[in-house]
Protein chains: 2
Amino acid sequence: MKEKEKAIIEAAIKLYATKGFAATSIQEIVSESGISKGAFYLYFKSKDALLIAILEYYFDHIQKNIEIHDHENLPPREKFAKQLTALFSTMIEHKEFIIMQSREQAIPLNEEVKTLMFRKHYEAQKFYQNSLRAIYGEIAEPHLWDLAFMLEGFFNSYIRLLLFNEEGFRISELVEYILRRMDSLIDGLKGEEPIATEEKMEDLFKKTKAFFLANNHDIKLVIEKMKKVISGMENSEDFNISLEVLQSEIEKETPRLPVIQGMLSNFRNEPKLDTYREEIAKIYNIKR
Amino acid sequence: MKEKEKAIIEAAIKLYATKGFAATSIQEIVSESGISKGAFYLYFKSKDALLIAILEYYFDHIQKNIEIHDHENLPPREKFAKQLTALFSTMIEHKEFIIMQSREQAIPLNEEVKTLMFRKHYEAQKFYQNSLRAIYGEIAEPHLWDLAFMLEGFFNSYIRLLLFNEEGFRISELVEYILRRMDSLIDGLKGEEPIATEEKMEDLFKKTKAFFLANNHDIKLVIEKMKKVISGMENSEDFNISLEVLQSEIEKETPRLPVIQGMLSNFRNEPKLDTYREEIAKIYNIKR
DNA sequence: ATACAAATTGACTAATTAGTCATATCGTAT
DNA sequence: ATACGATATGACTAATTAGTCAATTTGTAT
């Protein structure tokens, strides 16, 4: 990432945190970061593209800080304690990002942002669940969803407190406190029926996934149509290859936009495919 | 409240929940509620005034639904269970409001909204604390802040779940489950030192109050700069008077916006003061 | 029916916005 | 020094916005 991109992202974060996304203009961002409006558009395709870059930039950063401890050889509880500590610290370090995030939780302007946020939330849940399973074993198993929810609740409540007053609290003490609270919860769960049963949650996530992957379904239809059009054309070989790459990319859990964009651009000089190309570009929020 | 005001509020809530506050235009709100733009301004002074009306309308509604149970003669635990149930139900009933709230956490654009939100959050904390004190007595006393935080965390995590899938869960069961989890936490807290001690929290709330007046500090700097610029000018007398009035108004606990606005407008015809004027106007959300 | 006030309208203004593009400056290789 | 591509600029456009106001409709009292 270029130095200026970083400068823009940091200026934007700062402004978004205080004013919110929709209320912050590009003009303000470029003034804050000391560049011109024209230059902004050299680095980011649009205002939305900047938002996505910000989200990815920080999520990556946070994730890396947690993964550091993945390869240390520690007992599960100590490992999780380290990771939770890293999570708290990184979030406090990037205060503005968290405030922005909590201010406009999701900012679902376009599908890409929605999907990104949904995936990240799901990943966080799974991270909690895996850690709890490793610590408490099968006694926790039927309660993993509930435990993850409650842990997430603890985390959110206390991060809020820390954001107001970083110095006042020792993160490592807080993490140990939270883990002991989880111990209490585990004790109390003996003989309890879970609220968020695996069955219910699977059902819920199916529904939600279906909602978020609705586009995916749409795209598949579009690709089928394109296949038909292409098959009726001469020298269709190149198009077929592009289409196959496109299809396999879209089916991945985290499709890489540049690949999609590149493949779409291969259809540029074929007017018959224009509408299809544009339809896909729209869904992925790619510039046409 | 007039029927039309209600119609406007409900249309606005609906749109804010899906599009966010800043991204929703007055035009959309009046189209949705079937009135004209002119009529909107008969009922609400401005877009911000509508937001405040919405917040007050729903907070009142929620509060009333909880207070119903205040005068029933029940043991504290049963009473709190009923109140928590009412809280969950009312929030689900007014889904859109909660989504709006969580989407742009109240959009602290202007001081009035910020203060309102801060107060409401504080009140919620105190409600939890009082209920917990009534249920668990002095054993809970040193842990009331922590317990309230954790309870709030539970509430937030589970309300999120309910918003996705209302039908899948029985609220009364959930509330009993949460209360039993609080029992476990109480058990585990024997011999524990609280994280959020009364001392720290008192300190924090003092600071937080100061935080809400942080702008005040920025403005003071701006005023100092203005003073210097003015002192180097001819016929500076009028400007000095305006500046003094401005300064004393800002230092009041609840500065009156019209006074500030009026004084600022006195600097209108002096280009050298433009940036300063705009900076102050921005902080107070005054039209430039 | 008439008069008059209250309620309502939507075309209008001035300001602001995201994004574009012709022009200018910079850096570097020869 | 020259040339040339990369980087950067900010005036510009077209669209959208909150808020206004003269003109019209509606309601009511006599």
Side-chain angles (χ1 to χ4, degrees), chain A residues 1-9 11-12 15-16 19-54 104 107 109-110 112-113 278 281-282 285-288, chain B residues 1-9 11-12 15-16 18-54 104 107 109-110 112-113 257-258 261 264-265 268-269 271 274-275 277-288:
Chain A
M1 174 167 313
K2 285 171 193 166
E3 202 184 307
K4 292 221 170 152
E5 277 176 48
K6 225 174 152 179
I8 294 170
I9 284 181
L15 290 164
Y16 289 170
K19 305 190 58 191
F21 173 77
T24 304
S25 69
I26 300 287
Q27 189 54 58
E28 286 171 291
I29 293 169
V30 300
S31 301
E32 177 75 26
S33 50
I35 59 158
S36 72
K37 207 169 182 188
F40 174 88
Y41 284 94
L42 291 176
Y43 296 105
F44 298 97
K45 213 172 76 265
S46 67
K47 203 188 175 188
D48 277 8
L50 169 63
L51 176 63
I52 289 160
I54 287 175
E104 317 205 29
I107 325 129
L109 295 154
N110 62 56
E112 205 184 342
V113 177
E278 276 172 21
K282 205 173 165 186
N285 213 40
I286 286 169
K287 213 176 177 183
R288 269 143 288 163
Chain B
M1 174 169 315
K2 285 172 194 166
E3 201 185 308
K4 292 219 172 154
E5 278 176 48
K6 224 173 153 180
I8 293 170
I9 285 180
L15 289 165
Y16 289 170
T18 51
K19 305 192 57 190
F21 173 76
T24 304
S25 69
I26 301 288
Q27 190 53 61
E28 287 172 289
I29 294 168
V30 299
S31 300
E32 177 75 26
S33 49
I35 60 159
S36 72
K37 207 168 182 187
F40 173 88
Y41 284 94
L42 290 176
Y43 296 105
F44 298 97
K45 215 172 73 265
S46 67
K47 204 189 174 187
D48 277 9
L50 169 63
L51 177 63
I52 289 161
I54 287 176
E104 320 204 27
I107 327 117
L109 294 154
N110 63 54
E112 205 181 343
V113 177
L257 290 186
Q261 184 158 22
L264 286 183
S265 73
R268 262 253 155 66
N269 39 10
D274 267 351
T275 51
R277 208 191 66 233
E278 277 173 20
E279 214 170 324
I280 297 175
K282 210 171 161 185
I283 292 169
Y284 281 98
N285 214 41
I286 285 168
K287 210 177 176 184
R288 269 145 288 163

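Per chain, numbering begins at 1; letters A, B, ... match sequence-line order.
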For a quick check of understanding: with a heavy-atom distance under 4.0 Å over all strands, which category does [X] fall into, base, sugar-phosphate or nothing?
X	answer
B:K45	nothing
B:I26	sugar-phosphate
A:I35	sugar-phosphate
A:T24	sugar-phosphate

One should read off an interatomic distance between A:L15 CG and A:I29 CD1, to the nearest 0.5 angstrom, of 6.5 Å

Measuring from B:K47:NZ to B:L51:CG, what's the distance to the nearest 0.5 Å?
-> 9.0 Å

In whole Å, I'd like the distance from the [atom1] atom of [X] to the [atom2] atom of [N].
X	N	atom1	atom2	value
A:F21	C:dA18	CZ	P	9 Å
B:D48	D:dA18	CG	P	11 Å
A:K4	D:dA6	NZ	P	16 Å
A:E28	C:dT17	CD	C1'	11 Å
B:K37	C:dC12	NZ	C1'	10 Å
A:F44	C:dA18	CZ	P	15 Å
A:E3	D:dA8	CD	P	10 Å
B:Q27	C:dT13	CD	P	17 Å

Which nucleotide in [options] has an atom nearest any side-chain atom of [X]:
X	options	answer
B:Y41	C:dT8, C:dT20, D:dT20	D:dT20
A:Y43	D:dA18, C:dT8, D:dA8	D:dA8
A:S36	C:dG10, D:dT9, D:dA11	D:dT9
A:S25	D:dA8, C:dT17, C:dA7	C:dT17
B:A39	D:dA8, C:dT9, D:dG19	C:dT9

Looking only at heavy atoms, what is the nearest atom pair of A:A12 and A:L50, with distance?
-> CB-CD2, 3.8 Å

Check B:E32 against B:A11 and note the closest heavy-atom contact, atom names and distance.
-> CG-CB, 3.5 Å

Dump the intermediate steps for side chain to side chain contact (heavy atoms under 4.5 Å, CB included) on A:I9 and A:F44, then the final yes or no.
-> CA-CA 10 Å; A:I9 284 181; A:F44 298 97; 4.0 Å; yes

Quick one: does B:K47 reach the base of D:dG19 with a side-chain donor-acceptor pair under 3.5 Å?
-> no

